[in-house]
Amino acid sequence: RIGSATSLSSAVINSRLQELVRLFKERTEKVKEKLIDPDVTSDDESPVASPPAAVPAPGGELEGEKPSGDDHYCEMLCCTFKSRPWLDRLKSYQFPSSIDPLTNLMYVLWLFFVVMAWNWNCWLIPVRWAFPYQTPANIHYWLLVDYLCDLIYLLDILVFQTRLQFVQGGDIITDKKAMKINYLQSQRFKMDVLCLLPLDFFYFKVGVNPLLRFPRCLKYLAFFEFNNRLEAILTKAYIYRVIRTTAYLLYSLHVNSCLYYWASAYEGLGSTTWVYDGEGNSYIRCYYWAVKTLITIGGLPDPKTLFEIVFQLLNYFTGVFAFSVMIGQMRDVVGAATAGQTYYRSCMDSTIKYMNFYKIPKTVQNRVKTWYEYTWHSQGMLDESELLVQLPDKMRLDIAIDVNYNIVSKVALFQGCDRQMIFDMLKRLRSVVYLPNDYVCKKGEIGREMYIIQAGQVQVLGGPDGKSVLVTLKAGSVFGEISLLAAGGGNRRTANVVAHGFANLFILEKKDLNEILVHYPESQKLLRKKAKKMLKDNNKPKDEKGGPGDPLIIPPKAETPKLFRAALAATGQVGGKGPLGRLRWRLKELKAMQE
């Protein structure tokens, strides 16, 4: 028993020692990664709790063998079945106490339902008032949808509008009481209350008259807010603007058709040649008449009575005004959507005019045209920096980090530099497009830029004729970084670099880097040290780099290890006696013989 206990304890000790060795190795690897790249996450992590031991359940099974919570198992009597996970999430959902109206997509979706209810009232109230579509047989269907829209209006007031965040003195207010007071004191609340006036009680006296629901159309502020929120999240907002402008035109024709039917019923259907004769689909025929009137196509019968003449004059004046406004708004929408294309065409036309004036060769003109077309189709713009000029410095930095940081952080020259210095450098990068066979840089020229390949490939040329492809660099590669810090004639290009196809490169100029390094002296020292080492490695002859050189008849003697030399020096200080002293004397003799 004593022997078994001893063996068990030794096994536990061995396993514990192995665990400690493993932990030390992991920590050593983390420290090594930290020294190589200081941008990695710190190794000071909270210890991970060891998993609890599996305890046998009363039924004989281990607790760890039970179905996990992710499978959503439910037990009833002797059966086990899976439940719907969305049902559990729905039960545990809590409505937010405050809503950000600028970024919350749920609020945009709710505005969509509010706008649908508003459109129901705006489009159907005139139809039900003018045309005989609302009858005692179907009145309950109309009222059902009407009061459903009223319920949406009421929920918007009580649930959503009182939870909207607002800005006061530069602070975002999320307090429930403050948000409610802000809504109650706003113009929006007054219009919302006005649109829910309970005029429906007059139904008991005058009958179900749709005009009593006209205040429901006053909730137009929700419509304009929905337009702003939707355009902010759409990638092609101009398409929605075109659809909205077309809807404005269709609605004006819709209202005019309702008015025409009302005027025909007032005069008497078929009483004159100008009014609607009562044949066919009443809405379609009246809408056709409204289109011809508002667009002033002509070919309409002449009005006979004074009422008809006044009505027709008002229609013509309204049609000219409304149609001109719609055409102007459509022109603005299309012009805003094609503003970039127009700018691109004007730049290209001006460049072609300039080249024709100075009689530039056709080959050069064709390359310039190709550059314009490829740059526009690949980027959607000619200069990316134009979009970022209006943004604050912090937002420009955030965009630059998302676009370029993964590439720049892999450059060997910038490993170990200050992280903020790299952030400042990202804002100075400039995007340039090179055409196939364009020289990015030539051998012997002064290097003033560093290049980072964003897309495409470039080829490094060399050899006796200078046309042999030495290496092909792909997206993510960097070249020319030594020229940024080289001095004393060491910043000349050592090879020709040519674009293999269309290549999009990021360029960092030397003067921009020097302006940044003024504020980071430690990073400047580190970069200059790395640049000197890289230049030294590039300038070494082949035999110094381990390449083929003159063969040595007697290979050189290996250098004595430093620890061994220190031990020999220590023995010499105490008198030089003993085996170490004799060994030291023997080494001196061998060295003299070798010389």
Side-chain angles (χ1 to χ4, degrees), residues 108 111-131 133 149 191 195 210-211 213-265 274-276 280-301 303 308 310-339 341-342:
V108 178
L111 284 178
F112 170 76
F113 290 110
V114 175
V115 170
M116 291 298 294
W118 178 76
N119 275 282
W120 166 269
N121 292 314
C122 290
W123 286 79
L124 273 300
I125 287 176
V127 171
R128 294 160 60 186
W129 165 72
F131 293 91
Y133 291 152
C149 295
M191 297 299 297
C195 73
L211 284 181
R213 293 187 55 83
F214 181 76
R216 304 296 190 271
C217 300
L218 299 179
K219 203 174 178 62
Y220 58 89
L221 294 177
F223 172 69
F224 292 124
E225 184 183 7
F226 174 72
N227 291 334
N228 295 333
R229 301 291 175 260
L230 187 62
E231 290 179 6
I233 62 177
L234 291 178
T235 55
K236 295 182 178 180
Y238 66 89
I239 297 179
Y240 174 72
R241 296 190 190 107
V242 172
I243 296 174
R244 186 181 63 205
T245 305
T246 305
Y248 289 160
L249 177 61
L250 296 178
Y251 182 73
S252 62
L253 296 172
H254 168 78
V255 173
N256 194 33
S257 64
C258 295
L259 291 175
Y260 175 65
Y261 186 87
W262 169 80
S264 299
W274 180 84
V275 299
Y276 170 59
N281 189 296
S282 57
Y283 180 78
I284 298 298
R285 288 182 175 271
C286 291
Y287 200 91
Y288 172 74
W289 182 91
V291 170
K292 294 181 69 176
T293 303
L294 284 183
I295 305 180
T296 62
I297 296 176
L300 295 172
E308 295 175 357
V310 173
F311 187 89
Q312 188 71 357
L313 287 176
L314 292 177
N315 251 325
Y316 280 137
F317 285 128
T318 306
V320 171
F321 176 75
F323 196 69
S324 61
V325 170
M326 298 300 174
I327 294 297
Q329 189 171 3
M330 188 69 73
R331 180 188 60 82
D332 294 338
V333 170
V334 176
T338 59
Q341 184 79 16
T342 305

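Computed over heavy atoms, backbone and side chain alike; hydrogens, waters and symmetry mates excluded. None of the values given here were measured: they were computed from a predicted structure.
Expressed to the nearest 0.5 Å, how far CH2 of Trp262 lies from OG of Ser257 amounts to 14.0 Å. Rounding to the nearest 0.5 angstrom, the gap separating the CE atom in Met116 from the CZ atom in Phe113 is 9.0 Å. Rounding to the nearest 0.5 Å gives a distance of 8.5 Å between OH of Tyr260 and CD of Gln312. Within the model, atoms CG of Leu253 and SG of Cys286 stand 13.0 Å from one another, a figure rounded to the nearest 0.5 Å. Atom OG of residue Ser264 and atom CZ of residue Arg285 lie 12.5 Å apart, to the nearest 0.5 angstrom. In this structure, CE in Met326 is found 8.0 Å from OG1 in Thr245, a value given to the nearest 0.5 Å.
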Show your reasoning for whether side chain to side chain contact (heavy atoms under 4.5 Å, CB included) applies to Tyr240 and Asn227.
-> CA-CA 9 Å; Tyr240 174 72; Asn227 291 334; 2.4 Å; yes
Evaluate the side chain to side chain contact (heavy atoms under 4.5 Å, CB included) criterion for residues Tyr276 and Ser282: first the C-alpha distance (whole Å), next the side-chain angles of each, then the deciding distance (0.1 Å), finally the verdict.
-> CA-CA 8 Å; Tyr276 170 59; Ser282 57; 3.6 Å; yes
Start with the C-alpha gap between Met191 and Tyr220, add the side-chain angles, then the distance that decides, and say whether side chain to side chain contact (heavy atoms under 4.5 Å, CB included) holds.
-> CA-CA 9 Å; Met191 297 299 297; Tyr220 58 89; 3.7 Å; yes
Stepwise side chain to side chain contact (heavy atoms under 4.5 Å, CB included) test for Val114 and Phe226 | CA-CA 9 Å; Val114 175; Phe226 174 72; over 6 Å; no
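Remark: Arg331 engages no residue in a salt bridge (charged side-chain N to carboxylate O under 4.0 Å, His left out) (not counting sequence neighbours). In this view, Phe223 and Trp118 satisfy the ring-ring contact (aromatic ring centres under 6.0 Å, His included) rule, not counting sequence neighbours. With sequence neighbours excluded, the residues forming a ring-ring contact (aromatic ring centres under 6.0 Å, His included) with Tyr133 are Phe131, listed by chain and number. Shown here are the ring-ring contact (aromatic ring centres under 6.0 Å, His included) partners of Phe311, two or more places apart in sequence or in another chain: Trp274.
Of the possible donor and acceptor atoms, none in the side chain of Arg241 sits under 3.5 Å from a partner among the backbone N and O of Val333. Put simply, the side chain of Thr318 never gets that close to the backbone of Asn315: no donor and acceptor are under 3.5 Å apart.
With respect to the salt-bridge test (charged N to carboxylate O, under 4.0 angstrom), the residues Glu231 and Arg244 qualify.
Closest heavy-atom contact between Val115 and Ala222: CG2-O, 3.9 Å. When all heavy atoms of Ala130 and Cys258 are compared, the closest pair comes out as CB-O, 3.4 Å.
Sorted by first and then second residue, the side-chain hydrogen bond (donor to acceptor under 3.5 Å, both in side chains) pairs with a member in residues 120-129 read Asn119-Trp123, Trp120-Asp146, Asn121-Tyr153, Asn121-Arg213, Arg128-Gln134, Arg128-Asp146; sequence neighbours excluded. Within the structure, salt bridge (charged side-chain N to carboxylate O under 4.0 Å, His left out) pairs that include any residue of residues 310-327 do not occur (at least two apart or interchain).
The number of heavy atoms from other shown groups lying within 6.0 Å of OH (Tyr251) is above 12.
Within the 4.5 Å cutoff, the side chain of Tyr316 has no heavy atoms near those of the Val320 side chain. Considering only heavy atoms from C-beta on, Trp289 comes within 4.5 Å of Leu300 through its side chain. Counting heavy atoms from C-beta on, the side chains of Leu249 and Phe323 come closer than 4.5 Å. Between Leu250 and Tyr287 there is a side-chain heavy-atom pair separated by less than 4.5 Å.
Taking the six-membered ring for Trp, Phe321 and Phe317 have ring centres at least 6.0 Å apart.
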